[in-house]
Amino acid sequence: MTIKAIIFDVDGTLADTEDAHRIAFNKAFAESNLDWNWNVELYDKLLKVTGGKERIKYYVSDFNTAYKKPDNFDDFVKHLHLTKTKHYTAMLAAGQIPLRPGIRQLIDDARAVGITLAIATTTSPENVAGLLEVGIGKDWESYFAANGCGDIVPAKKPAPDIYNWVLDKLKLAPAECIALEDSYNGLRSAMAAGIKTYVTTNPYTHWHDFDGAAGIFEDLSDLAAFYKTTGLPLPKR
Ligand code: XBP
Ligand code: MG
């Protein structure tokens with residue numbers, strides 16, 4: 001079957017963002033007078049849960065059980081997460097987080113041969129916009145036929161919901177698409193939606209179980225190898 005669309009995960013796939021997320025969480029904690037600090041080792045464990053608000057709740061329930069939750073805990077988490085998003089998007093706007101090797105070229109090559117592009121991520125819409133405004137340009141939205149992100153679906157990855165939402169928007173069958181992911185949760189999500197999934201690893205995810213992936217790459221610096229594995233048409237360069 002010819003590939004009609006590539007669906008991209010964002011965090012860890014389009015860019016190595018997770019450490020910036022971690023730093024932004026810590027800035028939000030400091031600004032909110034919380035003595036919480038997420039180091040790399042802890043964040044590695046916290047990544048088990050996708051979504052920033054969900055991750056904060058997971059931290060409180062499983063790693064900081066001594067913390068006495070305020071009565072309005074949901075609102076507290078929402079506000080804390082908004083503060084985190086403010087810090088994270090400031091880091092993006094400062095140009096601190098580039099796209100990963102090969103990503104910009106892949107986007108251009110795919111467009112040149114008429115392959116549809118889409119996004120399926122658990123991260124907040126502001127974060128996707130901030131990353132791609134810098135990485136692609138102000139007109140980044142016109143590159144993607146569907147932009148599935150954040151709370152648009154209630155169940156985040158590893159649930160298939162965000163991929164199903166994107167497939168619905170694209171009006172394509174799973175077999176007509178491929179997904180690009182970087183993590184165990186992302187791979188499970190795309191595969192549960194029936195989509196053939198390729199993985200690029202990063203320092204936070206290289207040890208994950210990628211059983212079922214159609215191909216695993218360290219990054220896309222060798223795009224020719226990626227095109228060969230996926231069967232995507234080689235660009236005429
Ligand atoms: C990414 C996430 C996100 C980010 C933080 O997972 O889990 O939660 O870490 O972003 P994936 P928010 O790459 O599988 O989409 O704080 O905006 O949720
Ligand atoms: Mg990811």
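Whatever order the structure lists them in is the order used to number ligands and atoms, beginning at 1. Note that the numbering runs from 1 along the sequence shown for the chain.
- Neither the backbone nor the side chain of K156 has a heavy atom within less than 4.0 Å of ligand 1.
- Residue-ligand proximity, H81 to ligand 1, at heavy-atom distances under 4.0 Å covers atoms 12 (P), 16 (O), 17 (O), 18 (O).
- Around the Mg ion (ligand 2), protein N, O or S atoms at a distance under 2.8 Å total 3; waters are neither shown nor counted.
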Name the atoms and distances for all side-chain donor-acceptor pairs under 3.5 Å in residues 112-134, with sequence neighbours left out.
residue: T121; atom: OG1; partner: T123; partner atom: N; Å: 3.0
residue: T123; atom: OG1; partner: D11; partner atom: OD2; Å: 3.2
residue: T123; atom: OG1; partner: N127; partner atom: ND2; Å: 3.1
residue: E133; atom: OE1; partner: K138; partner atom: NZ; Å: 3.3

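- Residue-level proximity to ligand 1 for N127 is carried by the side chain, the only part with a heavy atom below 4.0 angstrom.
- Atom 9 (O) of ligand 1 has its nearest heavy-atom neighbour, among K53, R188, R55, K84, in R55.
- Residue-ligand proximity, D9 to ligand 1, at heavy-atom distances under 4.0 Å covers atoms 11 (P), 13 (O), 14 (O), 15 (O).
- Ring geometry for F73 versus F76: interplanar angle under 30°, hence parallel rather than tilted (30 to 60°).
- Nearest protein heavy-atom contact of atom 4 (C) of ligand 1 is D11 OD2, 3.5 Å.
- A side-chain N or O of D109 and one of Y227 form a donor-acceptor pair less than 3.5 Å apart.
- In this structure, Y58 has its ring center under 6.0 Å from that of F63.
- Looking at E218 and H206, their side chains never bring a donor and an acceptor atom within 3.5 Å of each other.
- Across the listed options V49, T122, L82, T122 owns the non-hydrogen atom lying nearest to atom 6 (O) of ligand 1.
- Between T121 and ligand 1, a contact under 3.5 Å exists for at least one N or O pair.
- Checked against a 6.0 Å centroid threshold, the rings of F25 and Y59 do not count as neighbours.
- With respect to the salt-bridge test (charged N to carboxylate O, under 4.0 angstrom), the residues D108 and R104 qualify.
- Under a 4.0 Å criterion applied to the non-hydrogen atoms of S124, ligand 1 contributes the atoms 12 (P), 17 (O).
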For the pair D19 and Y204, evaluate side-chain hydrogen bond (donor to acceptor under 3.5 Å, both in side chains) and give the outcome as yes or no after the intermediate values. CA-CA 9 Å; D19 225 41; Y204 273 112; 2.6 Å; yes
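- The pair D151-K53 meets the salt-bridge criterion, with a side-chain N (NZ, NE, NH1 or NH2) lying under 4.0 Å from an Asp/Glu carboxylate O.
- Counting only heavy atoms from C-beta outward, the side chains of I6 and L106 approach each other to under 4.5 Å.
- Sequence neighbours left out, not one pair with a member in residues 101-143 passes ring-ring contact (aromatic ring centres under 6.0 Å, His included).
- Of the protein's non-hydrogen atoms, the one nearest atom 18 (O) of ligand 1 is G52 N, 2.6 Å.
- In this structure, N72 contributes its side chain and D75 its backbone to no donor-acceptor pair below 3.5 Å.
- Counting heavy atoms closer than 4.0 Å to ligand 1, residue Y43 contributes side-chain atoms (C-beta onward) but none from N, CA, C or O.
- Residue contact check: G51 has heavy atoms under 4.0 Å from atoms 2 (C), 3 (C), 7 (O), 8 (O), 18 (O) of ligand 1.
- Looking at atom 10 (O) of ligand 1, its nearest protein heavy atom turns out to be T123 OG1, 2.8 Å.
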If you look only at distance, which donor and acceptor atoms sit under 3.5 Å apart when one is on a side chain in residues 173-197 and the other is two or more places apart or in another chain?
residue: E176; atom: OE1; partner: A173; partner atom: N; Å: 2.8
residue: E176; atom: OE2; partner: K4; partner atom: NZ; Å: 2.8
residue: E181; atom: OE2; partner: K157; partner atom: NZ; Å: 2.8
residue: E181; atom: OE2; partner: Y163; partner atom: OH; Å: 2.6
residue: D182; atom: OD1; partner: T13; partner atom: OG1; Å: 3.3
residue: D182; atom: OD2; partner: N202; partner atom: ND2; Å: 2.8
residue: S183; atom: OG; partner: G186; partner atom: N; Å: 3.0
residue: N185; atom: ND2; partner: K48; partner atom: O; Å: 2.9
residue: R188; atom: NH2; partner: D211; partner atom: O; Å: 3.3
residue: S189; atom: OG; partner: A159; partner atom: O; Å: 2.8
residue: T197; atom: OG1; partner: I195; partner atom: O; Å: 2.8

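- At the shortest separation from atom 14 (O) of ligand 1 among protein heavy atoms lies K157 CD, 3.4 Å.
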